[in-house]
Number of protein chains: 2
Amino acid sequence: MTTAAPASEAARQHTLRERNLELVARAVFEAPGPLSRADVAAATGLARATVSTLVDRLVAGGLLRELPAVGGGRAGRPGVPLVPAPRTVVGVGLEANVDYLGLRVLDLTGDVVAERVLDGAFHDSDPALVLGRLGELARDVVDGLRAQGITVAGARLALPGLVDARAGRLEVAPNLGWSSLVPVPLLGLDLPVEIANEAKLAALAELAGPVPGSFLYVSGDVGIGAAIVVERALFLGERGWNGEIGHVVVDPAGPRCSCGAFGCLEQYAGKEAILRGAGLPPDAPLADLLSLLADGGRAPSAGASAEAERAGAAVRTAGRALGSALADFVNLVDVSTVVLGGAYTDLLPWLRPDVEAVLVERVLAAPLVRIDVRAAAAGPQAALTGGAREVLRGVLGDPAAWV
Amino acid sequence: MTTAAPASEAARQHTLRERNLELVARAVFEAPGPLSRADVAAATGLARATVSTLVDRLVAGGLLRELPAVGGGRAGRPGVPLVPAPRTVVGVGLEANVDYLGLRVLDLTGDVVAERVLDGAFHDSDPALVLGRLGELARDVVDGLRAQGITVAGARLALPGLVDARAGRLEVAPNLGWSSLVPVPLLGLDLPVEIANEAKLAALAELAGPVPGSFLYVSGDVGIGAAIVVERALFLGERGWNGEIGHVVVDPAGPRCSCGAFGCLEQYAGKEAILRGAGLPPDAPLADLLSLLADGGRAPSAGASAEAERAGAAVRTAGRALGSALADFVNLVDVSTVVLGGAYTDLLPWLRPDVEAVLVERVLAAPLVRIDVRAAAAGPQAALTGGAREVLRGVLGDPAAWV
DNA sequence: CCGCATTTGTTGTACGACTGAACTATTGCG
DNA sequence: CGCAATAGTTCAGTCGTACAACAAATGCGG
């Protein structure tokens with residue numbers, strides 16, 4: 001006989017229990033308001049008896065909390081409202097980026113339990129130093145939470161570069177000047193920490209808002225990163241190195257890019273390229289560009305200043321280039337919503353006309369579907385929120401481990 | 001209380017049974033050789049007793065067959081070899097394309113049980129007529145199989161266009177001249193038939209061979225279609241309209257494409273574009289181009305004929321363009337193997353140098369991973385094989401329904 | 001040729017998880 | 001105050017897997 005291919009996993013009885021525990025937990029966590037045990041039974045299709053035992057376990061484990069019963073206006077015994085338990089289990093989002101490092105702690109209700117943000121300039125920095133500093137910040141916060149009896153489930157570290165999440169390895173982060181290193185030990189945290197690409201985690205933060213289940217997230221900064229979300233889950237490709245839209249071909253006759261190729265999107269729609277095109281220094285704050293644009297917008301035909309005109313032209317160039325790269329992205333991946341984050345969020349009003357025009361022109365399915373281009377809804381440092389949410393999603397996926 | 005979000009699905013006891021039945025079936029079907037019950041137990045992690053009852057059920061249902069025991073050379077009672085049952089349950093792959101229509105029937109062992117291929121020219125054809133003819137062919141074959149007591153599990157219809165598989169709707173197939181129609185009823189088959197894009201199914205046919213679990217499949221013909229396979233499963237995007245690599249930007253200053261945009265890949269690396277570039281009529285057989293290329297290759301420096309030189313140049317242009325589009329694809333999706341099908345399979349020796357050179361230049365992760373470009377291994381009409389395999393995969397995914 | 005070690009497959013009991021129905025608890029309403 | 005309605009709990013029933021013991025079949029050494 002021969003050795004069989006390693007099949008997924010045998011289902012035992014406790015597999016049932018775990019899966020239904022997850023089902024019940026998700027039902028409560030993803031509901032817009034409190035649910036009773038009977039509501040959960042109706043929503044999941046499980047018998048009321050089963051739901052009761054599962055809920056009891058989740059309540060005992062501290063993931064769910066029972067609120068005082070309240071008359072529902074209807075006849076019959078009122079149900080006991082169940083809600084995610086606040087400040088019992090939390091997830092930590094960490095980030096080391098070019099212009100700041102920080103962390104954010106969320107609990108199961110989605111509340112921010114703690115936050116630290118440290119602005120700085122970490123171009124070509126020493127990873128041991130930077131991650132050591134971040135680790136200190138985090139240790140301080142985590143110890144404080146544990147002293148209050150709060151369980152810290154784990155952390156995600158967001159990094160701006162090619163990340164091999166399985167191996168826990170940062171292959172290269174050009175703007176930080178880091179390459180080929182294993183960052184987690186440098187944090188010195190006694191927590192399960194996983195690493196991920198910054199744009200990917202920022203994309204997940206959008207899921208807290210009213211976004212559809214599938215979308216492309218594109219974050220424009222010095223570099224341009226992207227993430228693919230399908231049915232509320234990240235699509236990572238083979239190693240998680242996808243979404244490198246910054247180096248998609250816009251024009252093979254275009255300027256040389258830092259990656260060595262010619263005419264990459266980054267050379268048209270990267271932050272520095274836009275600023276330079278607008279006649280501003282490449283490290284100027286985005287606000288300078290925005291105020292120039294606002295001037296131009298206020299007096300469009302009446303003859304805006306030459307500076308304003310130039311800024312407008314630069315943004316229009318960026319918009320056309322971005323539209324072209326997004327069209328490729330949509331043609332290859334097929335998603336009908338594009339969420340623009342980073343610097344693009346504020347620039348969107350000026351980018352939109354050109355982006356949308358090019359999309360209509362180049363997307364093959366354009367006659368059949370409208371591509372919805374929108375601004376990111378998650379606040380600043382979205383990757384912190386996304387990372388913390390990702391940790392908590394893991395808790396929901398296996399509540400048994402925390403009960 | 002509020003209504004809960006519809007969660008996935010409650011796990012009952014029979015869910016266990018179904019899942020383990022699938023596990024056992026897969027173990028036997030995907031193994032390189034026969035397995036005994038004990039082997040299956042070892043491979044799946046299930047208890048021998050459990051495996052026995054599951055195997056008995058699969059044998060009774062006709063999905064598995066017991067071979068006569070054979071002395072294994074080892075001490076101990078010899079195991080009963082289990083193999084996929086031949087010619088008991090079969091899947092049907094159907095295709096209606098520009099230059100042919102046909103069907104192929106595979107059984108669980110992977111053998112071709114029946115096949116019909118009808119060459120023709122179906123540009124701008126009448127869907128009712130063409131699909132009616134295909135349905136007749138299929139009905140004939142299916143009736144014959146059923147008369148032999150063979151269970152026909154279902155069929156997949158491959159179509160060259162944008163297919164909404166969920167709605168069972170072909171939105172548009174430019175080369176057939178079909179649009180906005182529901183093809184399945186036109187076949188007139190009393191079988192569960194689902195539709196899918198041709199390139200997607202052709203990609204799945206590759207899984208029968210020694211291909212890695214994740215790859216991009218690109219099929220070059222008049223149009224250029226692609227499919228994304230990750231961990232042996234198709235990635236379909238939001239509606240299954242992904243992989244439209246034929247309309248990725250190669251050069252915004254390039255020629256106008258039939259889609260209305262400028263400089264699409266199809267204008268450089270589509271079959272007609274290559275033939276025209278080589279000085280051949282756009283409907284010339286591929287063999288003409290290949291023999292020109294072979295001439296040029298035989299006497300590369302010694303002064304090949306002007307025709308051969310021209311053909312070589314056209315293919316090099318196509319190779320560079322294809323490399324550029326593939327680089328975008330790899331940057332956006334992150335897969336390290338590219339399988340070239342359709343006309344590209346035979347052209348690969350001439351395309352390879354330029355494709356690989358551009359990939360190294362433009363793929364951001366190129367210093368970290370070698371992108372393996374290879375020819376498709378599935379034979380002609382790969383979509384037929386892929387479709388039939390897809391049906392059988394469905395049988396394996398829910399053996400209980402067929403037992 | 002026989003007994004033993006070894007491996008396979010089967011049988012029977014135990015256990016865990018979900019279900020359905022009956023039962024209790026709690027509320028609104030006439 | 002009693003009835004209808006709804007929530008939550010209890011309990012026997014069923015189903016599927018696990019474990020251990022056992023029967024079956026083979027190779028090997030004496």
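Each chain gets a letter, A, B and so on, in the order the sequences are listed, and its residues count up from 1.
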Requested in this report: Only counting residues at least two apart or in another chain, list the ones meeting side-chain contact (heavy atoms from CB on, under 4.5 Å) with Leu145(B).
Outcome: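 Per chain and number, Leu145(B) pairs via side-chain contact (heavy atoms from CB on, under 4.5 Å) with Val90(B), Val105(B), Val113(B), Val141(B), Gln148(B), Ile150(B), Val152(B).
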Report summary line: Rounding to the nearest 10°, end axes of the helix from dC1(C)-dG30(D) to dG30(C)-dC1(D) built from five pairs each make an angle of 10°
Query raised in the report: Is there a donor and acceptor pair closer than 3.5 Å between the side chain of Arg77(B) and the base of dT8(C)?
Result: yes
Report task. With sequence neighbours excluded, give me every side chain to side chain donor-acceptor pair (under 3.5 Å) pair touching residues 387-403 of chain B. Result -> Glu390(B)-Arg393(B)
In this structure, how many angstroms lie between the [atom2] atom of [N] and the [atom1] atom of [X], rounded?
{"X": "Arg37(B)", "N": "dT7(C)", "atom1": "CZ", "atom2": "P", "result": "19 Å"}
{"X": "Asp56(A)", "N": "dA7(D)", "atom1": "CG", "atom2": "P", "result": "16 Å"}
{"X": "Leu82(B)", "N": "dT8(C)", "atom1": "CG", "atom2": "P", "result": "12 Å"}
{"X": "Glu66(B)", "N": "dT10(C)", "atom1": "CD", "atom2": "P", "result": "8 Å"}
{"X": "Asp39(A)", "N": "dA7(D)", "atom1": "CG", "atom2": "P", "result": "7 Å"}

Which nucleotide in the list [options] gets nearest to the side chain of [X]?
{"X": "Arg12(B)", "options": "dT19(C), dT27(C), dG9(C)", "result": "dT19(C)"}
{"X": "Ala38(B)", "options": "dG8(D), dT26(C), dT8(C)", "result": "dT8(C)"}
{"X": "Gln13(A)", "options": "dA7(D), dT7(C), dA17(C)", "result": "dA17(C)"}

Check residues 203-214 of chain B and write down every donor-acceptor pair under 3.5 Å in which the side-chain atom is one partner and the other belongs to a residue at least two apart or another chain.
residue	atom	partner	partner atom	Å
Glu206(B)	OE1	Ala377(B)	N	2.9
Glu206(B)	OE2	Ala377(B)	N	3.1
Glu206(B)	OE2	Ala378(B)	N	3.0
Ser214(B)	OG	Glu231(B)	N	3.1

Partners meeting salt bridge (Lys or Arg N to Asp or Glu O under 4.0 Å) with [X] (sequence neighbours left out):
{"X": "Glu238(A)", "answer": "none"}
{"X": "Arg146(B)", "answer": "Asp190(B)"}
{"X": "Glu22(A)", "answer": "Arg26(A)"}

Requested in this report: For DNA chain C, find the residues of residues 14-21 of chain B with a heavy-atom distance under 4.0 Å and give them by number; none if there aren't any.
Outcome: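 Listed by number, there are none.
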Please list, one pair per line, the donor and acceptor atoms closer than 3.5 Å that link side chains of residues 46-60 of chain B to other protein atoms, with sequence neighbours excluded.
residue	atom	partner	partner atom	Å
Thr53(B)	OG1	Thr50(B)	O	2.9
Asp56(B)	OD1	Arg37(B)	NH2	3.0

Query - Sugar-phosphate, base or nothing in reach of Ala49(B), heavy atoms under 4.0 Å - result: base
Report task. Describe the nucleic acid contact of Arg48(A) in one word from base, sugar-phosphate, nothing, applying a heavy-atom distance below 4.0 Å. Result ->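 Base contact - Arg48(A) has a heavy atom under 4.0 Å of at least one base atom.
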Query raised in the report: Toward the 5' end of DNA chain D, which comes first, Thr50(B) or Ala75(A), by nearest nucleotide?
Result: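 Nearer the 5' end of the strand: Ala75(A).
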Report task. Select from Gly76(A) and Ala10(A) the residue whose nearest nucleotide in DNA chain D is closer to the 5' end of that strand. Result ->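 Upstream on the strand: Gly76(A).
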Query - Contact under 4.0 Å: Ser52(A) side-chain N or O vs dT9(D) OP1/OP2 - result: yes
Query raised in the report: Ala10(B) and Thr15(B): which non-hydrogen atoms are nearest, and at how many Å?
Result: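 Heavy-atom minimum between the residues: O-OG1, 4.3 Å.
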Query - Pairing of Asp164(A) and Arg239(A) as salt bridge, 4.0 angstrom limit - result: no
